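Data block below; observations after.
Just so it is clear, the structure is predicted and the values come from calculations on it, not from any experiment. Counting starts at 1 for both ligands and their atoms, following the listed order.
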Amino acid sequence: MRCSSAAEVADAIRTMVVRGAPAIGVTAAYGMALAALNEEDLAEAERVLAASRPTAVNLPWALAAMRDEPTPERARSLHEEEVQRCRRMAAHAAELFHPGTRALTHCNAGGLATGGYGSAVGALRAAAERGLLEHVLVDETRPLLQGARLTAWELEQDGIPHAVIADSAAGSLMARGEVDLVVTGADRIAANGDTANKIGTYSLAVLAAHHRIPFYVVAPSSTLDRATQDGSGIPIEERDPAELTERFPARNPAFDVTPAPLIAAIVTEGGVHRPPYEESLP
Ligand code: MRU
């Protein structure tokens, strides 16, 4: 898809042509560079881009990073730095895997969500490269199927053994002992470690706690929001109910918040952070 103005870039983010927290930030950065080249009103361009999706803090983070120098070069370096962060945190996260690990992931936190390599899927890649990963269960991720459409495709490209499951199958597969760890990305991590991610992540974390399975979050520092004390302050996007059904009334919250006590570790490019997150997060 070709975008020729900040408003078109904002539309691409809103309609999820580009999605995934770091990729949204990187795309918004290119949007600002485009607006500057077009000699658009930069304050208005920033406002339109900032309003495109509310939950991923990477979006305002990238817009702030572009304010002093809204050039293509700055956007490109922000993009490259984000991919480097993914590689570094994936290497740290791989330390949480042991030989023969069977992982479960939700949504898509791969190269398609980050501008390259991936956060949670990056961790799976790094673990596979080290010979530590046996298999990945991929939640299909209702309602838009990021798992079944994107994560499964990325794992297939890398030759990583995987199987797509209905979101509602996760609990029974955990009960049967088929899951050693759960790993997801994040859209915004509050100062206390409460983490917003794709709807269904919270349910997975509760299930993982019940089955005593570690639940890990892998995300770059651009996803940390120290200004928000806890999950109650994170804005949760409600999308068009028509994504679920046009026939009946529906609700469509796109994200949920996993409370920090359910998260065994948060991995950033700085390393593996353990509770209490107020102290351990960078
Ligand atoms: O609605 P989406 O597809 O943008 O939601 C994406 C997620 O929830 C991802 O898990 C998150 O952004 C992390 S991507 C590295």
Enumerate the atoms of ligand 1 whose separation from the nearest heavy atom of Thr114 is less than 4.0 angstrom. 15 (C)

Has ligand 1 got any nitrogen or oxygen that is less than 3.5 angstrom from a nitrogen or oxygen of Gly20? yes

Met16: numbered ligand 1 atoms lying under 4.0 Å from its heavy atoms: 1 (O), 2 (P), 3 (O)

His106 and its side chain to side chain contact (heavy atoms under 4.5 Å, CB included) partner, picked from Asp139, Ile199, Thr151, Val183: Asp139

With a cutoff of 4.0 Å, is Asn108 in contact with ligand 1, counting heavy atoms of the residue only? yes

Please work out whether any backbone atom (N, CA, C, O) or any side-chain heavy atom from C-beta onward of His106 is under 4.0 Å from ligand 1, and answer side chain, backbone, both or neither. neither

Run the contact test for Ala186 against ligand 1 with a 4.0 Å cut-off on heavy atoms, strictly below, and give the result. yes

Any idea which atoms of ligand 1 are less than 4.0 Å away from a heavy-atom of Arg53? 1 (O), 2 (P), 4 (O)

Which residue and non-hydrogen atom of the protein lie closest to atom 14 (S) of ligand 1, and at what distance in Å? Ala113 CB, 3.6 Å

Take Asn108 and Arg149 through the test side chain to side chain donor-acceptor pair (under 3.5 Å) and record every step on the way to the result. CA-CA 9 Å; Asn108 172 261; Arg149 296 189 298 139; over 6 Å; no

Shortest protein contact, atom 9 (C) of ligand 1 (heavy atom only): Asn197 OD1, 3.4 Å

Exercise: do Glu269 and Ser221 side chains pair donor with acceptor under 3.5 Å: yes

Nitrogen or oxygen of Ala21 less than 3.5 angstrom from that of ligand 1: yes

Would you check whether Arg19 has a nitrogen or oxygen atom less than 3.5 angstrom from a nitrogen or oxygen atom of ligand 1? yes

Please check if atom CD in Glu73 has more than 12 non-hydrogen atoms from other residues, nucleotides or ligands closer than 6.0 Å. yes

Can you name the atoms of ligand 1, numbered from 1 with element, that are less than 4.0 Å from a heavy atom of Gln146? 1 (O), 2 (P), 3 (O)

Has Ala56 got any heavy atom lying under 4.0 angstrom from an atom of ligand 1? no

Going by an N to O cut-off under 4.0 Å, is there a salt bridge joining Glu178 and Arg102? no

Counting each atom of ligand 1 from 1 as listed, which ones have a heavy atom of Asp187 under 4.0 Å away? 7 (C), 8 (O), 9 (C), 11 (C), 12 (O)

Numbering the atoms of ligand 1 from 1, which are under 4.0 Å from a heavy atom of Pro22? 14 (S), 15 (C)

